[in-house]
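Working notes, structure below.
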Amino acid sequence: MSETKDSTVSLADEDDVKEVLSEAVLGLWDVVNRLTRLRPSKRDRYRVTIFGSARVQPGTFGYDETKRCAAALAEMGCDIITGGGPGLMQAANEGASSDPERAQSIGIRVDLPFEQEINSFVNQTFEHRTFFTRLHQFVLTSDAFIVAPGGIGTVLETLMIWQLLQVHHLNNTPLVLVGNMWPGLIEWAKTSMLSPDSPLASEQDMEIPQCVSNSDEALAIIEQHRIKWLEN
């Protein structure tokens, strides 16, 4: 599309309208990408994102254990971030809300066709229309990630963080996978991606996620990382 200083585009010219919109959207993405390069020299608070299933019910072992883990992190002085929905997200926010003077309970919510209201234990909410921008905020605001058992959405979140650590868009950020469902994922990745004939990843990539069997092991990893974070 040729353009002069005073040129206008008629809405009847569908091709030119599409080009204007495309250029505008790409321009906005460029602005966003530039802005998200900015980082504070030191974050005021240490924040742990907890990913996990929306389907786990209160009163179950998984719910109570996630709640206990988040409460221990809150007592340690860590803010807790979740997707803000039900299940293990609610459990983590409930645990964080047990010590409101020491920790914030944060929910980063996304619009879904089957509407999920923000759980009642969140005291700071962020709203997103897409999973992409929501995941980006998790990345920008978190110092560590704990992954509890979950379904496809939890796996998506886990793999995205893993990939960002692999390519060093995230650095020195723990990715801790809790429970017996995760070693199988790592073993699958090793078996499928580390073929001697045609390797698709490196052995170092497989060491990025830290699989632990219970919350106490996860807490120990986060505590050691937070100590180093406080020293910087």
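Here the structure is a predicted model, which means the values were calculated and not measured. Values below: all heavy atoms of this structure, side chains included; hydrogens, waters and symmetry mates excluded. We count residues from 1, following the sequence as given.
No continuous path of hydrophobic side-chain contacts links M89 to V56 [ILVMFWY only; heavy atoms under 4.5 Å]. A chain of hydrophobic side-chain contacts below 4.5 Å, direct or via other Ile, Leu, Val, Met, Phe, Trp or Tyr residues, connects L200 to M206. Clustering ILVMFWY residues whenever any of their side-chain heavy atoms sit less than 4.5 angstrom apart, transitively, puts V167 in a cluster other than the one holding L170. A continuous path of Ile, Leu, Val, Met, Phe, Trp and Tyr side chains, each step under 4.5 Å between heavy atoms, connects W162 with L135, placing both in one hydrophobic cluster.
R47 contributes no side-chain N or O that, together with a main-chain N or O of I106, makes up a donor-acceptor pair within less than 3.5 Å. Between the side chain of R102 and the backbone N or O of E75 there is at least one donor-acceptor pair closer than 3.5 Å. In this structure, S97 contributes its side chain and F121 its backbone to no donor-acceptor pair below 3.5 Å. The backbone N or O of G84 sits less than 3.5 Å from a side-chain atom of T82, completing a donor-acceptor pair. The main-chain N or O of G83 is found under 3.5 Å from a side-chain atom of R134 such that the two form a donor-acceptor pair. A donor-acceptor pair is defined here as one N or O able to donate and one able to accept, closer than 3.5 Å; no such pair exists between the side chain of S22 and the backbone of K18. A donor-acceptor pair under 3.5 Å links the side-chain atoms of N119 to the main chain of G85, judged by distance alone. Judged by distance alone, the side chain of D111 and the main-chain N or O of R129 form no donor-acceptor pair under 3.5 Å.
One finds the CG atom of N171 at 7.5 Å from the CG atom of L165 (value rounded to the nearest 0.5 Å). Between the CD atom of Q137 and the OG1 atom of T49 there is a distance of 9.0 Å, given to the nearest 0.5 Å. From S202, atom OG reaches atom CG of L194 across 7.5 Å, with rounding to the nearest 0.5 Å. Rounded to the nearest 0.5 angstrom, D16 CG and L21 CG are separated by 11.0 Å. The CG atom of L156 lies 9.5 Å from the CD1 atom of I161; values are rounded to the nearest 0.5 Å. Of the inter-residue distances, the one linking C211 atom SG with L175 atom CG reads 8.5 Å to the nearest 0.5 angstrom.
Side chains of N93 and Q90: no donor on one and acceptor on the other come within 3.5 Å. With 3.5 Å as the limit, one finds a donor-acceptor pair spanning the side chains of T133 and T130.
Below 30°, between 30° and 60°, or above 60°: for F145 and F51 the angle between ring planes is below 30°, a parallel geometry.
Shown here for H225 and D143, the closest heavy-atom pair between the two residues is CE1-O, 3.4 Å. Considering all non-hydrogen atoms of both residues, M193 and W188 come closest at CE-CZ3, 3.8 Å.
Between R68 and E65 there is a salt bridge, since at least one side-chain N of the basic residue sits less than 4.0 Å from a carboxylate O of the acidic one.
Under the side chain to side chain contact (heavy atoms under 4.5 Å, CB included) rule, V176 has a single partner from I50, V48, V212, L219, which is V212.
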Does Q166 form a side-chain contact (heavy atoms from CB on, under 4.5 Å) with I208? I'd like the steps, not just the answer. CA-CA 7 Å; Q166 178 203 26; I208 292 171; 4.0 Å; yes
For side-chain contact (heavy atoms from CB on, under 4.5 Å), just list the numbers for F126 and I118, CA-CA rounded to whole Å, side-chain angles, deciding distance to a tenth of an Å, and then say yes or no. CA-CA 10 Å; F126 297 91; I118 200 81; over 6 Å; no
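The shortest side-chain heavy-atom distance between E223 and R226 does not fall under the 4.5 Å cut-off.
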